[in-house]
Amino acid sequence: MTAVNRREGPAFDAADHAHMARALQLAARGLYGTDPNPRVGCVLVRDGRIVGEGWHARAGAAHAEAVALAAAGEAARGATAYVTLEPCAHHGRTPPCCAALVAAGVARVVCAVQDPDPRVNGRGIAALREAGVRVESGLLAAEARALNPGFFSRLERGRPWLRIKLGMTLDGRTALANGASRWITGEPARRDVQRWRARSSAIVTGVGTVLADDPALTVRAEQWAGAVDEAPPSDRQPLRVVLDSRLRTPPTARLLQGPGEALIVTTRADAGRAAALRSERVEVVTLPADADGRPRLADLMAVLAEGGINEVLVESGPTLAGAFWRAGLVDELLLYVAPRLFGDSARGAFDLPAFAGVDEAPALEYIDLRPVGRDLRILARPLPGA
């Protein structure tokens, strides 16, 4: 007799899927403000009707479950809570959410994915079950993880999720031979970049880019190009990180003067130069050098993870982009491709070694392709082993 394949775990129905999908929609509203916390949404349903909704808006503010419970009031008793991440079980800036759910009389909790934070990591589910609450997990888990790639990367791999942003021509060039690169892409693409900066915990560049372009690397609300239902970002600015082996960054550099904090990473403990750069908002750290004399990138990622950095956006030239790729640290490429041709004398996108055969060249998969103005935005990820 042929064995029948049975589904593992709980059987979720169409209503479960619809309510969790709504919770994920709510979670996405925190895309630009929750850092270093994850983006989480919660929907409370009783007798087939939504009685409360909430999402985590920013670090230090009420968690999604608390917001939804406050909206539901007494209607939360006997309800099902759909939460995109396991409810927390520890005291942080806010009380534990699993205790709040129990106190409110919630009968069932459906969470998309278990929280990898060692302070939680199954403890929230266990606490709920011990209190007599029915708990099921795994519904739309992939979607919940995709909403928080950096959070899961930092806690599971010990490093942030790293995304390289490049503006290039149709023939893969990022600047003319003389270095001129403004502006390869159009205004809609430059506005779209603001969304990716706003969701990032840190923006990394090299000192060469600082000296050549003097970028501010800030999120500029006046250029916001969010979707209709997206509010402009809060005043949170990503950490700006400069890789500067010889401490050549001028103290007057724009990225050191703008709002938010900056980090300069060097390989030389030059006390005089470091003192000239340090301020209340600028820190200088020294890391071991790699074979090329730049700060060792794996060590940089570990330092950023220790600082609660979830998502890193690299905005640099081909040398640093290639170094991150060779170090095996690139998770995603964000490419804005303009309908221009610069020719073979222009500068390429990645400084990589020569490959003997096509099969040796790194392979990627497209995640998303869409027009942005006259340009094309490509989101791609390395294939396993690339």
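Just so it is clear, the structure is predicted and the values come from calculations on it, not from any experiment.
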query: When rounded to the nearest 0.5 angstrom, what is the spacing between CZ in R58 and CG in N37?
result: 11.5 Å
Ionic contact status for R190 with D375, cut-off 4.0 Å: no
- request: State yes or no: do V45 and L26 share one hydrophobic cluster built from I, L, V, M, F, W and Y residues joined by side-chain heavy-atom distances below 4.5 Å, directly or via other members?
  value: yes
message: Any heavy-atom pair between the side chains of P149 and E311 that's under 4.5 Å?
response: yes
- prompt: Would L300 and V241 satisfy side chain to side chain contact (heavy atoms under 4.5 Å, CB included), going step by step from the backbone distance to the final call?
  reply: CA-CA 10 Å; L300 168 66; V241 182; 4.3 Å; yes
task: Look at the side chain of E332 and the backbone N and O of R163, then say whether any donor-acceptor pair between them is shorter than 3.5 Å.
output: no
CG-CZ distance between L333 and F350, expressed to the nearest 0.5 angstrom: 4.5 Å
task: Show your reasoning for whether side chain to side chain contact (heavy atoms under 4.5 Å, CB included) applies to I164 and W325.
output: CA-CA 9 Å; I164 292 182; W325 185 279; 5.7 Å; no
field: N/O donor-acceptor pair under 3.5 Å between R281 side chain and G260 backbone
entry: yes
query: Does one side chain, of S201 or N310, offer a donor that lies under 3.5 Å from an acceptor on the other?
result: no
Min side-chain heavy-atom separation L335-M168 under 4.5 Å: yes
- prompt: Is the closest side-chain heavy-atom distance between R370 and D368 below 4.5 Å?
  reply: yes
query: Any sub-3.5 Å donor-acceptor pair from H56's side-chain atoms to G41's backbone N or O?
result: no
query: Applying the 4.5 Å side-chain criterion to the ILVMFWY set and letting contacts propagate, would V120 and L155 be lumped into a single cluster?
result: no
- request: State plainly whether the residues R108 and D16 are in salt-bridge range, i.e. N to O under 4.0 Å.
  value: yes
query: P87 and C98: which non-hydrogen atoms are nearest, and at how many Å?
result: CB-N, 4.0 Å
message: What verdict does the side chain to side chain contact (heavy atoms under 4.5 Å, CB included) test give for L304 and R159, after you've listed the backbone C-alpha separation in whole Å, the side-chain angles of each residue and the deciding distance to 0.1 Å?
response: CA-CA 7 Å; L304 294 178; R159 69 171 181 86; over 6 Å; no
query: Any idea which heavy atoms bring E65 and C97 closest together, and the distance?
result: OE1-SG, 3.4 Å
query: Where does the angle between the aromatic ring planes of H17 and F12 fall among parallel (under 30°), tilted (30 to 60°) and perpendicular (over 60°)?
result: perpendicular
query: What distance do L255 atom CG and I203 atom CD1 have between them, rounded to the nearest 0.5 Å?
result: 9.5 Å
field: Shortest non-hydrogen contact between C42 and V83, atoms and distance
entry: SG-CG2, 3.9 Å
statement: dist L31:CG -> W196:CH2 (nearest 0.5 Å) comes out at 8.5 Å
Close side-chain approach of N121 and Q114, heavy atoms under 4.5 Å: yes
field: R236 side chain to Y32 backbone, donor-acceptor under 3.5 Å
entry: yes
- request: Please report the C-alpha distance between R220 and R197 in whole Å, then the side-chain angles of each, then the deciding distance to 0.1 Å, and finally whether the side chain to side chain contact (heavy atoms under 4.5 Å, CB included) criterion is met.
  value: CA-CA 9 Å; R220 295 186 285 277; R197 286 184 178 179; 3.6 Å; yes
task: Measure the shortest side-chain to side-chain distance between L334 and R377 over non-hydrogen atoms and say whether it is less than 4.5 angstrom.
output: yes
- prompt: Under a 4.5 Å cut-off applied to non-hydrogen side-chain atoms, are Y82 and I50 in contact?
  reply: no
- request: Would you check if the side chain of E360 reaches a backbone N or O of F355 as a donor-acceptor pair within less than 3.5 Å?
  value: no
task: Using the rule that two of Ile, Leu, Val, Met, Phe, Trp, Tyr join whenever any of their side-chain heavy atoms come within less than 4.5 Å, decide whether L211 and V282 are in one cluster.
output: yes
- prompt: Where the side chain of R246 meets the backbone of R268, is there a donor-acceptor pair that is under 3.5 Å apart?
  reply: no
- prompt: With the threshold set at 4.0 Å, does a side-chain nitrogen-carboxylate oxygen contact exist between R294 and D292?
  reply: yes
- request: Of all the heavy-atom pairs spanning L140 and A21, show the shortest one and how long it is.
  value: CD1-N, 3.8 Å
task: Examine distances only and state if a side-chain atom of R39 and a backbone atom of L147 form a donor-acceptor pair shorter than 3.5 Å.
output: yes
query: Should the heavy atoms of other residues, nucleotides or ligands under 6.0 Å from CG of D344 be counted, would the total exceed 12?
result: no
- prompt: Taking all non-hydrogen atoms of both residues, which atom of P36 and which atom of G308 are closest, and how far apart?
  reply: CB-O, 3.2 Å
- line: Value for CZ (R278) from CZ (R273), rounded to nearest 0.5 Å, stands at 14.0 Å
field: Single-linkage hydrophobic cluster L256~L217, side-chain heavy atoms < 4.5 angstrom
entry: yes
- prompt: Looking just at side-chain N and O atoms, do R157 and S153 make a donor-acceptor pair shorter than 3.5 Å?
  reply: yes
message: With heavy-atom distances below 4.5 Å as the criterion, would you say the side chains of T169 and L341 are in contact?
response: no
query: So, the side chain of Q257 versus the backbone of P251: is there a donor-acceptor pair under 3.5 Å, distance only?
result: yes
message: Between R22 and E53, is there a side-chain heavy-atom distance shorter than 4.5 Å?
response: yes
message: If the test is side chain to side chain contact (heavy atoms under 4.5 Å, CB included), which one of R240, R254, Q194 qualifies with T218?
response: R240
query: If you take all heavy atoms of T84 and A27, which pair is closest and at what distance?
result: OG1-CB, 4.1 Å
message: Please tell me whether T249 and D244 have a donor and an acceptor in their side chains that are separated by less than 3.5 angstrom.
response: yes
task: Supply the atom-to-atom distance L287 CG to T266 OG1, rounded to the nearest 0.5 angstrom.
output: 9.0 Å
query: Is it true that V51 and W55 fall in one hydrophobic cluster, defined by side-chain heavy atoms closer than 4.5 Å?
result: no
message: Check this for me: does any side-chain nitrogen of one of R49 and D47 sit under 4.0 Å from a carboxylate oxygen of the other?
response: no
query: Ignoring hydrogens and geometry, is there a side-chain-to-backbone donor-acceptor pair from S245 to T267 under 3.5 Å?
result: no
message: Under a 3.5 Å distance rule, please check whether D331 uses its side chain to pair with a backbone N or O of L162 as donor and acceptor.
response: yes
